Amino acid sequence: MLVKRAPDLKYSDVTPKGLYMGRRNFLLGLLITTGAVAGWKRFGYLLDGPGNGSTPTKLNGVIKGPYSTDEKTTPENDVTHYNNFYEFGTGKEDPARNAKDFVTSPWYVSFEGEVKKPRKFTMDEIMKAAPLEERIYRHRCVEAWSIVVPWIGYSFSTLAKMVEPTSKAQYVAFESYYDHKQMPQGAYAGIAFPYVEGLRIDEAMHPLTLLTVGMYGETLPNQDGAPVRMVIPWKYGFKSIKSIVKVRFVKDQPPATWNLENAHEYGFYSNVNPNVDHPRWSQAKERRLGEFFRRPTLMFNGYGDQVASLYNGMDLRKYY
Ligand SMILES: Nc1nc2c(c(=O)[nH]1)N[C@H]1C(S)=C(S)[C@@H](COP(=O)(O)O)O[C@H]1N2
Ligand SMILES: [Mo]
């Protein structure tokens with residue numbers, strides 16, 4: 001049975017009403033009327049910088065990161081208009097339309113559980129914790145379409161190390177933001193929210209696992225998981241959880257949304273594997289968005305050299 005869980009803190013609880021309504025002027029007025037000059041620095045990024053809702057802004061000082069594929073990148077318009085983000089509707093074009101006014105600042109990501117230094121990171125702290133890298137990764141949805149995206153971020157492990165996970169931390173549980181007021185279409189999606197996902201600790205700490213804050217040179221568009229999401233390129237797309245607010249280090253394998261909905265079709269590991277079909281369709285091939293002919297799907301989505309050793313001795317038909 002599915003139990004709906006509520007997030008500890010609703011976004012509407014921590015956000016000034018005007019901002020919640022998506023009015024920038026409210027914040028400007030607030031700063032001016034309260035004479036909050038000191039607040040300017042703190043809220044500066046809300047006004048002109050990362051994660052301020054629907055308009056992606058240019059990210060400066062991005063360096064070239066490791067592991068980039070030299071395959072042709074998918075046209076940005078395809079990547080931003082063919083999405084899975086069920087909180088904003090189940091149609092592929094729904095998120096682009098319905099996430100336009102999604103309020104993504106202020107934003108906090110809480111790191112908690114089996115760590116020595118639990119803390120909440122502000123979006124500003126996340127943006128500044130490490131140099132931002134562009135990494136061109138293949139991304140493959142379990143529905144047999146794929147994209148090649150110049151993501152921007154840095155290894156999740158960089159931030160994780162700052163909270164000092166203990167030896168009890170065997171898995172990492174991720175949770176997306178959910179607010180039915182901002183995401184009314186979620187009520188019809190047929191899955192439980194908040195969206196949750198999980199990784200084994202060694203998968204989470206693998207350098208390929210990207211804490212992602214941007215793409216195509218800019219901050220993330222709302223429909224692609226603003227202001228911060230995960231990208232795990234050797235796993236099916238649903239592991240790459242969007243708009244995260246909570247990261248919990250835990251002892252036991254955590255729940256994962258699609259696995260909760262249908263464990264028979266979606267395993268916890270969900271490594272891209274052309275040899276293990278989905279019960280309802282083949283996973284042997286995929287269609288790259290913008291292309292006509294399907295191409296063979298690669299084991300671990302082509303990242304086997306980097307990640308195959310994580311699964312030594314595991315039966316990947318059993319742990320699909
Ligand atoms: N919170 C949340 N994260 C999510 C999803 C979702 O519905 N909600 N869909 C997943 C699926 S199935 C895929 S394929 C990718 C799609 O990412 P993209 O739209 O940026 O291509 O996001 C994943 N992350
Ligand atoms: Mo997906």
Side-chain angles (χ1 to χ4, degrees), residues 5 7 11 56 73-99 102 104 107 109 137-153 173-180 182-183 185-199 209-216 218-247 255-262 265-267 270-272 278 280-281 283 286-290 297 301:
R5 296 174 306 129
Y11 196 71
T73 56
T74 303
E76 184 176 1
N77 195 58
D78 290 341
V79 174
T80 55
H81 290 83
Y82 193 89
N83 298 101
N84 276 335
F85 198 167
Y86 273 33
E87 289 86 335
F88 292 107
T90 57
K92 297 286 181 262
E93 287 159 25
D94 288 347
R97 202 170 36 240
N98 297 333
F102 180 34
T104 57
W107 193 272
V109 185
Y137 281 173
R138 280 173 237 105
H139 179 95
R140 203 237 191 232
C141 177
V142 73
E143 296 165 298
W145 50 272
S146 66
I147 48 184
V148 175
V149 181
W151 302 110
I152 297 170
F174 298 90
E175 187 174 307
S176 290
Y177 175 73
Y178 181 61
D179 172 12
H180 66 92
Q182 287 205 76
M183 300 158 155
Q185 298 85 9
Y188 309 100
I191 62 175
F193 294 116
Y195 194 100
V196 290
E197 257 303 339
L199 295 170
T209 298
L210 192 69
L211 187 78
T212 306
V213 298
M215 60 189 219
Y216 297 92
E218 301 186 315
T219 55
L220 285 172
N222 292 343
Q223 62 267 38
D224 286 276
V228 56
R229 69 177 293 175
M230 299 300 295
V231 174
I232 301 104
W234 71 95
K235 292 182 181 273
Y236 290 118
F238 63 84
K239 299 294 285 184
S240 293
I241 181 170
K242 293 176 169 179
S243 304
I244 53 174
V245 289
K246 198 188 283 185
V247 176
T257 290
W258 284 102
N259 182 249
L260 286 173
E261 296 297 334
N262 192 336
E265 297 191 355
Y266 309 105
S270 295
N271 292 318
V272 175
H278 184 280
R280 288 181 283 138
W281 59 81
Q283 294 293 27
E286 67 197 58
R287 195 178 71 83
R288 195 59 56 86
L289 295 192
T297 285
N301 203 24

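Predicted, not measured: the structure shown is a model, and the values here were computed from it. Note that ligands are numbered from 1 as they come in the structure, with each ligand's atoms numbered from 1 the same way.
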How far is atom 7 (O) of ligand 1 from its nearest protein heavy atom, and which residue and atom name does that atom have? Y86 N, 2.8 Å
Ignoring hydrogens and geometry beyond distance, is a side-chain donor-acceptor pair present between K92 and N83 at under 3.5 Å? no
I'd like to know whether F238 forms a side-chain contact (heavy atoms from CB on, under 4.5 Å) with T257, so could you lay out the CA-CA distance, the side-chain angles of the two residues, the decisive distance to 0.1 Å, and finally the verdict. CA-CA 9 Å; F238 63 84; T257 290; over 6 Å; no
Can you name the atoms of ligand 1, numbered from 1 with element, that are less than 4.0 Å from a heavy atom of C141? 14 (S)
What atoms of ligand 1 come within less than 4.0 Å of a heavy atom belonging to E87? 1 (N), 2 (C), 6 (C), 7 (O), 8 (N)
Give the numbers and elements of all ligand 1 atoms closer than 4.0 Å to a heavy atom of D224. 18 (P), 19 (O), 20 (O)
Between L260 and Y266, is any pair of side-chain heavy atoms under 4.5 Å apart? no
For atom 9 (N) of ligand 1, what's the nearest protein heavy-atom neighbour? Residue, atom name and distance, please. N84 O, 3.3 Å
Can you tell me the protein heavy atom closest to atom 6 (C) of ligand 1 and the distance? Y195 CE1, 3.3 Å
Residue pair K235 / V272: nearest heavy atoms and the distance that separates them: C-CG2, 3.6 Å
Close side-chain approach of Y236 to R140, heavy-atom, < 4.5 Å: yes
Just distances here: any N/O of Y82 and N/O of ligand 1 closer than 3.5 Å? no
Does any N or O atom in W145 lie less than 3.5 angstrom from one in ligand 1, N or O only? no
Has E93 got more than 12 heavy atoms of other residues, nucleotides or ligands less than 6.0 Å from its CD? no
Evaluate the ring planes of H278 and W281, with Trp represented by its six-membered ring, and classify them as parallel (under 30°), tilted (30 to 60°) or perpendicular (over 60°). parallel
Considering only protein heavy atoms, which is closest to atom 3 (N) of ligand 1, and at what distance to one decimal place? K242 N, 3.1 Å
Check: E87 and Y195 side chains under 4.5 Å, non-hydrogen atoms: yes
Is there at least one pair of N or O atoms, one from W258 and one from ligand 1, spaced under 3.5 Å apart? no
If we only consider heavy atoms of R229, is any one of them less than 4.0 Å away from an atom in ligand 1? yes
Under 3.5 Å donor-acceptor, K242 side chain and N222 backbone: no
N/O separation below 3.5 Å, Q223 to ligand 1: no
Could a heavy atom of H139 be found less than 4.0 Å from some atom of ligand 1? yes
Could you identify the single nearest non-hydrogen protein atom to atom 15 (C) of ligand 1 and state the distance to 0.1 Å? G237 O, 3.5 Å
closest protein heavy atom to atom 21 (O) of ligand 1 is I147 CD1, 3.6 Å
Going by heavy atoms in the side chains, are Y177 and V228 under 4.5 Å from each other? no
Numbering the atoms of ligand 1 from 1, which are under 4.0 Å from a heavy atom of S240? 22 (O), 23 (C), 24 (N)
